[in-house]
Colleague: 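This is the structure I have questions about; it appears just below.
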Number of protein chains: 2
Amino acid sequence: MRPPERQEAEEERQPATMSQIARRLKVSESTVSRALAGSPLVKAETREKVEALARELGFSVNLNAQRLKRRRSQTIEVVIPVEEYGRQHMSDPFFLDMIGALADALTDAGYDMLLSKRTPWAVDAEGRPRPNPLLSGRADGVIIIGQGRDQSQLRAFAAQHRQVVVWGDPEVAGDYLLVGVDNRAGGRTATEHLLSRSRRRLAFLGDPKEPEISQRCEGYKDALRAAGMPVEADLIVPARFDAVYALETITAFLGKADPIDGIVAATDVIAMTAITALQQAGLSVPGDVAVTGYDDIHSARSASPPLTTITQRIAEGGQALVATLLGAIEGGPARSRVIEPELIVRVSSG
Amino acid sequence: MRPPERQEAEEERQPATMSQIARRLKVSESTVSRALAGSPLVKAETREKVEALARELGFSVNLNAQRLKRRRSQTIEVVIPVEEYGRQHMSDPFFLDMIGALADALTDAGYDMLLSKRTPWAVDAEGRPRPNPLLSGRADGVIIIGQGRDQSQLRAFAAQHRQVVVWGDPEVAGDYLLVGVDNRAGGRTATEHLLSRSRRRLAFLGDPKEPEISQRCEGYKDALRAAGMPVEADLIVPARFDAVYALETITAFLGKADPIDGIVAATDVIAMTAITALQQAGLSVPGDVAVTGYDDIHSARSASPPLTTITQRIAEGGQALVATLLGAIEGGPARSRVIEPELIVRVSSG
DNA sequence: CTGAAAGCGCTTACAG
DNA sequence: CTGAAAGCGCTTACAG
């Protein structure tokens with residue numbers, strides 16, 4: 001048998017606790033707790049002694065105890081339900097921009113960010129639901145990116161909990177807090193822009209099964225109708241989010257369809273993929289075909305050619321999601337928020 | 001004054017607890033706890049009664065209490081220290097691919113994933129350190145993506161804690177667990193590939209201040225020297241990670257330098273940006289200039305032209321990071337792991 | 001300004 | 001197979 005000292009050294013080192021600090025300083029745990037929390041109740045001299053020893057011992061407050069007692073996790077769960085998105089494998093840079101914006105906003109507000117690819121109502125392999133993030137104290141609120149194809153579960157979940165905010169389309173929304181852009185207006189704006197550049201035969205690339213894409217597609221149809229032009233079903237191509245798959249679809253479409261001179265793409269990634277397909281087919285952008293994207297992801301401006309797009313103001317959207325959610329958590333009158341889409345004209349549209 | 005019922009309805013609804021279930025079923029809390037944990041100790045009939053009532057009440061176990069008691073958070077903190085990366089604003093899709101891979105691996109292993117842009121040793125606005133994720137029970141382990149320019153703090157932190165794994169370069173690594181590719185070999189492979197395609201004047205694009213990039217650049221030099229060719233300092237261009245900034249740098253370089261016929265880019269994003277700059281300058285890829293990237297991000301294969309690149313096997317890397325970390329947490333003999341880089345030949349290199 | 005006490009909601013060794 | 005008891009590490013109303 002080894003000597004106990006050796007054994008202890010091999011064990012997990014136990015972190016220091018408030019009670020240890022209290023004992024060594026001959027004060028109560030209450031005082032240590034108050035001192036470390038910066039309570040004005042404790043004498044400056046006492047606080048300094050406590051802080052000094054805490055630093056010396058490398059003390060970190062036990063967050064699980066603190067959260068249990070305070071009934072607050074100071075954590076927000078951000079859900080990117082990729083299963084819902086036609087298995088796009090989360091590859092769209094839109095998500096990265098959104099994650100970055102949310103991380104910044106949450107950090108500034110003093111919250112930790114939990115990232116999940118599963119919805120709170122998802123069941124695990126054995127068909128059991130995961131612990132509800134809100135009821136289990138895992139998170140104080142949930143941000144869900146995207147409404148998904150089937151909204152019934154989202155609606156049911158949001159009906160149970162006030163601390164839920166969704167990024168999605170205002171028109172499609174149910175009775176839950178939502179931040180998002182008017183996708184129909186954005187789709188219409190993009191289409192009108194191409195029409196104003198004298199493009200006459202416009203395809204829409206994007207899968208209308210997704211609610212947000214569907215709205216963008218409605219905007220495309222609105223603009224065509226307003227211009228007195230026909231809406232041709234053949235020109236609506238259900239390209240997937242994922243560039244690798246979209247490329248096949250678009251290439252096939254270009255081979256089959258009568259020549260087009262404009263493309264309204266449902267996302268920037270689809271737009272860039274379409275440009276690749278066009279160039280491979282020997283067509284120039286914007287010479288032969290003008291292209292608009294949607295999202296204004298970070299790389300849109302350094303694309304080749306730089307992409308005309310509808311900005312979703314992702315940074316602003318992330319801030320609004322956090323502000324709305326924190327409002328709901330504080331119990332205040334949290335309000336949904338519609339962000340206006342805006343056309344950013346670059347080179348790809350001529 | 002309102003009647004108390006109304007008041008209660010306005011209050012936050014308190015989640016059900018094990019003690020409530022126990023009381024209603026006239027069993028002990030211990031039994032409820034065991035039943036819900038699926039302990040073989042409890043009689044099937046009892047377990048079913050408990051499970052039924054738990055379901056009826058919408059019971060979710062209080063994770064803060066559970067974690068406090070078990071001294072396990074079942075959570076891993078993933079750190080993407082963007083401040084370190086020359087302020088690249090986390091815009092490189094490499095991060096999204098890595099985040100996705102880590103999320104999958106952690107979910108499969110039953111862990112939650114906390115995402116942070118701040119290192120564990122970062123201080124807040126007031127200069128106070130955040131609670132240490134490991135000592136505070138916030139996380140059972142930390143995964144840090146990238147070694148950063150200044151490794152001293154990383155080394156100090158890792159020296160204090162076994163439950164830390166870093167994604168980075170094996171050559172540069174200190175005494176900590178690491179998963180990463182041999183960047184020098186990768187840089188050399190890419191360069192040799194262009195030389196084998198009869199390219200003779202090759203530029204390297206990427207900022208060697210970053211340790212991983214520096215190694216890729218060493219590989220570039222190795223290959224040139226091995227081919228008996230000169231290493232020209234002017235052909236090493238410290239392009240930033242961020243495409244928007246990189247574009248300026250690269251365009252300026254193309255305007256100044258003697259003609260080149262090949263580019264070894266330090267990342268896929270830099271490669272795609274270089275292609276944009278080349279095309280804007282009226283040069284064709286790969287006709288006039290052959291280009292290789294690095295990372296094999298998701299969009300490399302649908303780029304225009306599809307990008308020849310060095311794959312980092314990001315999905316495999318994410319799994320290895322998680323496997324290594326969980327090994328360290330279990331206390332087993334966790335081992336660092338080197339992933340072999342591999343050349344993926346597509347169109348951009350001719 | 002400080003302390004004693006209660007309690008947040010679990011888990012688990014111990015006893016039966 | 002079940003229960004009583006202790007305790008994880010905090011916070012905070014209450015009393016002084």
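Just so it is clear, the values below take in all heavy atoms, side chains as well, and ignore hydrogens, waters and symmetry mates. Within every chain, numbering begins at 1; the chains are lettered A, B, ... in the order of the sequence lines, protein sequences first and strands thereafter. These numbers come from a predicted model, not from an experiment.
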Colleague: Can you measure Arg72(B) atom CZ to dT11(C) atom P for me and round it to whole angstrom units?
Modeller: 15 Å

Colleague: Give the nucleotide from the list dC1(D), dT2(C), dA4(D) with an atom nearest to the side chain of Arg34(A).
Modeller: dT2(C)

Colleague: Answer yes or no: is there an ion pair linking Arg34(A) with Glu29(A), defined by an N-O contact shorter than 4.0 Å?
Modeller: no

Colleague: What is the distance, to the nearest angstrom, from the CG atom on Leu68(B) to the P atom on dA6(D)?
Modeller: 18 Å

Colleague: Would you kindly give the CZ-to-P distance between Arg67(A) and dC10(C), to the nearest whole Å?
Modeller: 17 Å

Colleague: Closest nucleotide of DNA chain C for Ala65(B) versus for Val42(A): which of these residues is on the 5' side?
Modeller: Val42(A)

Colleague: Any ion pair linking Glu48(A) and Lys43(A) (charged N to carboxylate O, less than 4.0 Å)?
Modeller: no

Colleague: In this structure, how many angstroms lie between the C1' atom of dC10(D) and the CG atom of Leu135(B), rounded?
Modeller: 16 Å

Colleague: Is the shortest distance from a Lys or Arg side-chain nitrogen in Asp175(A) or Arg155(A) to a carboxylate oxygen in the other one below 4.0 Å?
Modeller: no

Colleague: Out of dG7(C), dC10(C), dG9(D), which has the shortest distance to the side chain of Lys69(A)?
Modeller: dG7(C)

Colleague: Looking at dC1(D), dT2(C), dG9(D), which one has an atom nearest to any side-chain atom of Thr46(B)?
Modeller: dC1(D)

Colleague: Rounding to an integer number of angstrom, what distance separates dG16(C) and dT12(C) when you compare their C1' atoms?
Modeller: 16 Å

Colleague: Give the rounded distance in Å between these two atoms: CZ of Arg71(B) and P of dG7(D).
Modeller: 12 Å

Colleague: Are OP1 or OP2 of dT2(C) and a side-chain N or O of Thr31(A) less than 4.0 angstrom apart?
Modeller: no

Colleague: Side chain of Asn62(B) only, please: which of dG9(C), dT2(C), dC10(D) is the nearest?
Modeller: dG9(C)

Colleague: Assess whether a salt bridge exists between Glu77(A) and Arg130(A), defined as any Lys/Arg side-chain N lying under 4.0 Å from an Asp/Glu carboxylate O.
Modeller: yes

Colleague: Given atom CE of Met18(B) and atom C1' of dC8(C), what is their separation to the nearest angstrom?
Modeller: 14 Å

Colleague: In whole Å, I'd like the distance from the CZ atom of Arg138(B) to the P atom of dC10(D).
Modeller: 14 Å

Colleague: Should dG16(D) form a Watson-Crick or G-U wobble pair with both distances under 3.5 Å, which nucleotide is its partner?
Modeller: dC1(C)

Colleague: Between dT2(D), dT11(D), dT12(D), which nucleotide gets closest to the side-chain atoms of Ser30(A)?
Modeller: dT12(D)

Colleague: Once you apply a heavy-atom cut-off of 4.0 Å, does Ser33(A) come out as touching a base, just sugar-phosphate, or nothing?
Modeller: base

Colleague: Round to the nearest Å and state the distance from Gln66(A) atom CD to dG9(C) atom C1'.
Modeller: 16 Å

Colleague: Between dG3(C), dT11(D), dC8(C), which nucleotide gets closest to the side-chain atoms of Ser28(A)?
Modeller: dG3(C)

Colleague: Looking only at side-chain atoms of Leu41(A), point me to the closest of dT11(C), dT2(C), dT12(D).
Modeller: dT2(C)

Colleague: Taking Arg67(B) for the side chain and Asn64(A) for the main chain, is one N or O donor matched with an acceptor at less than 3.5 Å?
Modeller: no

